[in-house]
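Nothing here was measured: the structure is a model prediction, and the numbers come from that model. Here is how names work: the chains are called A, B, and so on, in the same order as the sequence lines, proteins then strands, and each is numbered from 1.
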Amino acid sequence: MQNHKVASILQQVADYLELDGVDFRTKAYRRAAHTIETLSVDVADMQKQGKLEELPGIGKHIHEKIEEILETGNLEYLENLKSEFPLDMDALMQVEGLGPKKIKLLYQELGIKNLDDLEKEAKRHHIRRLKGMGTKTEAEILQNIEFARKSIGRQLLGDVLPLAIEIKQRISTLDTVDQVQIAGSIRRRKETVGDIDILTVTQHPDEVMDYFTQMDLVGEVIVKGHAKSTVRLYNGMDADIRVFKESDFGSAMVYFTGSRELNIVLRKIALSKSMKLNEYGVFQEDVRLAGQTESEVFRALGLDYIPPELRENTGEIEAAQRGKLPELVDYNDIKGDLHIHTNWSDGKSSIWEMATKASGMGYEYLAVTDHTRLPVARGLDEERLTQQMNEIDQINEEMETITILKGAEVNLDSYGNLDISSDILRELDLVIAAVHYDLRQDPEKINERISRGLENEHVDILAHPTGRKLKERQPYKLDIENLFQKASESGTILEVNSQPKRLDLKDIHVKMATEYGCQLVVNTDSHHTSDLSYMELGVSTARRGWAEKKDIINTLPIKKLLKVIS
DNA sequence: GCCGTTTTCGGCCCGACTGTTTTCAGTCG
């Protein structure tokens, strides 16, 4: 599967074209890159079937470029652009305030190719001499270089969401604030986020701005105005706050939730109906048609309400026009967690503690699935598994509010065999199979290994199917479509793992899997009672993958669930 | 470079802010 590679090359072409001031062709390449990146099928398959040009934003020329990438792994066009501008685009673009135009000017006038060159020339005061630059720009650049160097990039949703909620709660304590909401990619629950966007309604903007910029979470204030302020938080992440009128709040939420791609299409739709859409409302001539609520804004454009998690312009707008949006699985639909660890292996909490917490969350059931054998995780052998089953029997007798299921997270060895004997596996309610070592196998081996696991009669669930860890490691080199095909044939359930670093399957894979007819389960893989709350991240990942309640087995009441995993 | 319920050619989302200007270009979201 080469979708990501193809998209990345097209994106780079756009970056370099932008240097040259090429406007609309740049946009065309970005649009094509977005189409490929979010495609829920293999771009190579589309190409073989001659269907590439049916995709939005892909015409004759980009079709040819994609063919070249698929055949040769490279794109000559991009290589030529690179040799014309031999500079570190990525790094320079990280410097706030520098865009393609200024980068080109700096390269042509001063030969600046990277951050080191940039720093040198700024310190020599050469930059202020250039047209359109001045002392302020030069000082700004020097200041921002340091930040660009240690730029942490996008952070994990799971790390940022609690911080955003904290800020929202603090602002909502102000008497003068009528409404406060989180917008941006956090609201869309994207797996990584670049900043925190907060929108408010208040009659006293200055008071809110003072409070926001003086919070103890703030490292430095970047901009402070009456309608908008930006701060850099202690952890290096930027947070924006904006003030709107009550009557505009819906259109502001649509606009600042994005995505950017969705906004562009919404505005085109408005234009096609001779309306105008901006963050202050929907207008026709000078008459205001909508703006107070999001639903009202969508309705004015002839669309059903689109849940934030779907707002990526990957087909949801067309679905909303035809009244065909999916009924997404809801956070309250989840009836239990089927993948957790306890202090029997590498977890920190006891079975009793985990069950008590889960019961408090309103769950009907909880499956205890400690590691087997894995030495680093103090994994269980047959004997200890048996002891653990006895303890679970006891706790089940004492606890009336929740049913604890007996399970295990069993290792797939390098050939796809399980490391616990069938006699014991047969006694368990639930068997999860997972790859935990020998991760860098060749595609052929890892595919065979996982296929064997899926075909094993004892295996109910495949945990974290691709093995990726955000900002840490690549997925296994597996053929994902083969995996979905096999899983749908064998009826093995695929996990959406809710750990902030994993979110595996990820959103577009969730969509692919359901299109193959696979059943899914959303699990937390908790190692502590506090991890159980990660469920929300998994559910939002499933929602981003268009999953409905019927696709997720842990939305079932216990009797039906037991039939599925029996 | 893509695309069409006005269009096969002439458009391509919109507004705020900043620093540099003396009416605007570049950047950002």
Side-chain angles (χ1 to χ4, degrees), chain A residues 10 13-14 16-35 52-66 77 92-106 127-141 143-144 183-188 193-199 222-230 238-244 248 251-283 301-302 311 313 317 321:
Chain A
L10 295 176
V13 169
Y16 282 99
L17 286 176
E18 207 160 22
L19 270 187
D20 236 351
V22 181
D23 192 9
F24 294 113
R25 211 175 338 143
T26 305
K27 287 201 171 78
Y29 273 93
R30 289 210 195 288
R31 183 166 178 222
H34 178 256
T35 297
L52 271 185
E53 284 187 39
E54 291 172 18
L55 296 172
I58 294 173
K60 182 165 169 284
H61 288 93
I62 293 187
H63 178 181
E64 287 170 7
K65 303 270 191 307
I66 294 175
Y77 184 45
L92 291 170
M93 287 290 286
Q94 284 294 316
V95 180
E96 201 171 339
L98 283 193
K101 298 281 157 55
K102 285 184 184 165
I103 291 174
K104 184 185 179 188
L105 184 72
L106 290 167
I127 289 177
R128 62 176 66 174
R129 297 183 200 156
L130 301 181
K131 190 166 182 282
M133 308 277 197
T135 53
K136 275 199 162 178
T137 310
E138 193 176 75
E140 190 78 357
I141 285 175
Q143 243 196 350
N144 288 335
S185 53
I186 300 181
R187 182 159 181 249
R188 303 200 311 278
V193 298
D195 64 0
I196 297 175
D197 291 299
I198 306 278
L199 302 193
I222 294 174
V223 188
K224 188 180 169 194
H226 303 293
K228 179 198 162 175
S229 295
T230 301
D238 287 356
D240 286 347
I241 192 166
R242 289 181 174 77
V243 172
F244 286 90
D248 304 344
S251 39
M253 282 297 283
V254 170
Y255 182 72
F256 285 103
T257 298
S259 63
R260 188 188 167 79
E261 287 77 13
L262 174 118
N263 285 341
I264 291 172
V265 178
L266 292 188
R267 288 177 182 212
K268 278 187 191 162
I269 291 174
L271 283 179
S272 74
K273 296 176 185 285
S274 61
M275 300 181 207
K276 189 176 84 166
L277 169 68
N278 58 30
E279 54 266 54
Y280 304 107
V282 184
F283 304 89
L301 299 175
R311 299 185 197 171
N313 187 29
I317 297 173
Q321 280 171 328

Provide, to the nearest angstrom, the distance between the CD atom belonging to Glu96(A) and the P atom belonging to dC17(B).
16 Å
Take atom P in dC17(B) and the same atom in dC13(B), then report the distance between them in whole Å.
22 Å
Choose from dC13(B), dT27(B), dG1(B) the nucleotide whose nearest atom is closest to any side-chain atom of Ala28(A).
dG1(B)
Can you work out whether Thr135(A) or Asp197(A) has the more 5'-proximal nearest nucleotide on DNA chain B?
Thr135(A)
Determine: side-chain N/O of Thr137(A) to OP1/OP2 of dT20(B), distance under 4.0 Å, yes or no.
yes
Basic-acidic side-chain contact under 4.0 Å: Arg129(A), Glu138(A)
no
Any non-hydrogen side-chain atom of Tyr16(A) less than 4.5 Å from a side-chain atom of Tyr77(A)?
no
Is there a donor on the side chain of Tyr255(A) or the base of dG15(B) sitting less than 3.5 Å from an acceptor on the other?
no
Integer angstrom distance from the C1' of dG11(B) to that of dT6(B)
13 Å
Quick note, Leu271(A) side chain, CB onward, closest among dC2(B), dC14(B), dC28(B) is dC14(B)
How many Å lie between CD on Gln94(A) and P on dT27(B), as a whole number?
15 Å
Which value, in whole Å, describes the distance between the P atoms of nucleotides dG19(B) and dC12(B)?
30 Å
dG10(B) versus dG15(B) - spacing of their C1' atoms, nearest Å
24 Å
Is a side-chain donor or acceptor of Arg242(A) paired with a backbone partner of Ser229(A) at a separation under 3.5 angstrom?
no
Could you tell me how far dT21(B) sits from dA25(B) if I compare only their P atoms? Round to whole Å.
13 Å
Select one nucleotide: of dG26(B), dG29(B), dC2(B), the one nearest the side-chain heavy atoms of Lys102(A).
dG26(B)
Minimum-distance nucleotide (side-chain atoms of His61(A) versus dG1(B), dT18(B), dC14(B))
dG1(B)
If only side-chain N and O atoms count, and only distance matters, is there a donor-acceptor pair under 3.5 Å linking Thr230(A) with Asp238(A)?
no
Given dT20(B), dC2(B), dC13(B), the nucleotide with the shortest approach to the side chain of Lys136(A):
dT20(B)
Given that both distances must come in under 3.5 Å, which nucleotide forms a Watson-Crick or G-U wobble pair with dT8(B)?
none
Residue pair Ile264(A)/Lys224(A) against DNA chain B: nearer the 5' end by closest nucleotide is Ile264(A)
Can you find a side chain N or O atom of Lys276(A) that sits less than 4.0 Å from OP1 or OP2 on dG15(B)?
yes
Look at the side chain of Glu279(A) and decide which nucleotide, out of dT27(B), dG19(B), dG15(B), has an atom nearest to it.
dG15(B)
Give the rounded distance in Å between these two atoms: NZ of Lys273(A) and P of dT6(B).
11 Å
Could you tell me the separation between the CG atom of Asn278(A) and the C1' atom of dA16(B), rounded to a whole number of Å?
12 Å
Residue pair Arg187(A) / Thr257(A), side-chain donor-acceptor N/O under 3.5 Å
yes
Within-4.5 Å side-chain heavy-atom neighbours: Leu266(A) and Val254(A):
yes
Base, sugar-phosphate, or nothing for Val223(A), non-hydrogen atoms under 4.0 angstrom?
sugar-phosphate
For the P atoms, the ones on dT20(B) and on dA16(B), what distance do you get once it is rounded to whole angstrom?
22 Å
Whole-Å distance separating the CG atom of Asn144(A) from the P atom of dT18(B)
14 Å
Candidates dG1(B), dG15(B), dT18(B) - which lies nearest the side chain of Lys65(A):
dG1(B)
Can you measure Arg30(A) atom CZ to dC13(B) atom P for me and round it to whole angstrom units?
14 Å
Does OP1 or OP2 of dC13(B) have a side-chain N or O of Lys268(A) closer than 4.0 Å?
yes
Rounding to an integer number of Å, can you tell me how far Phe256(A) CZ sits from dA16(B) C1'?
9 Å
Does a side-chain N or O from Asn263(A) land closer than 4.0 Å to OP1 or OP2 of dC13(B), or not?
no
Base, sugar-phosphate alone, or nothing: which one does Lys60(A) contact when heavy atoms must sit under 4.0 Å apart?
sugar-phosphate
Proximal nucleotide (of dG29(B), dT27(B), dG1(B)) relative to the Arg242(A) side chain
dG29(B)
Taking the side chain as C-beta and beyond, is there a heavy-atom pair between Leu92(A) and Lys102(A) under 4.5 Å?
no
To the nearest Å, how far apart are Glu140(A) CD and dT27(B) P?
13 Å
Is any side-chain heavy atom of Arg30(A) closer than 4.5 Å to one of Thr26(A)?
yes
If you measure from the C1' atom in dT18(B) to the same atom in dT23(B), how many Å do you get, rounded?
15 Å
Tyr280(A) has its side chain closest, among dA16(B), dG1(B), dT27(B), to dA16(B)
